[in-house]
Amino acid sequence: MVTKLNRKTTQLDGQGGWSLRLFRRKARGRRMPRLLIKCGDCCASLEIYYSPDGMEINGVYASLSEWRSVLSPLLNGCDPFEG
């Protein structure tokens, strides 16, 4: 799946919000690849560093299975803390 990179500020997403701005950086040497996600209308950002065995989101490193267990329910519209 190819995602179109949006680097312009303040673009509407068609659902009443702002489109996210995406920046990718490839791995170089010992540096992990990074996905930088910025808010569409302000300077807030989220850094995601990833590798085959784990992922770091804004300084919190965990295995991919741990991130899946937390983020999957959120993306499916459920509360991950419900019993």
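Bear in mind that the values here come from a model prediction, so they are computed numbers and not experimental data.
- There is no path of hydrophobic side-chain contacts, each under 4.5 Å, that joins M32 to L22.
- Residues L46 and L75 fall into different hydrophobic clusters, defined by Ile, Leu, Val, Met, Phe, Trp and Tyr side chains chained together at heavy-atom separations under 4.5 Å.
- Both L71 and Y50 sit in one connected hydrophobic cluster of ILVMFWY residues. Membership requires side-chain heavy atoms under 4.5 Å apart, directly or through other members.
- Contact detail for G54 and Y61: the closest heavy-atom pair is CA-OH, 3.3 Å.
- Every side-chain contact (heavy atoms from CB on, under 4.5 Å) that C42 has, sequence neighbours left out, goes to C39, A44.
- By the salt bridge (Lys or Arg N to Asp or Glu O under 4.0 Å) test, R34 pairs with E47, sequence neighbours left out.
- L20 contributes atom CG, which lies 12.5 Å from atom NZ of K38 (distance to the nearest 0.5 angstrom).
- Each of V60, L64, L35 was evaluated against M55; a single residue qualifies, L64, per the side chain to side chain contact (heavy atoms under 4.5 Å, CB included) test.
- A search for side-chain contact (heavy atoms from CB on, under 4.5 Å) contacts involving A62 returns E66, W67, not counting sequence neighbours.
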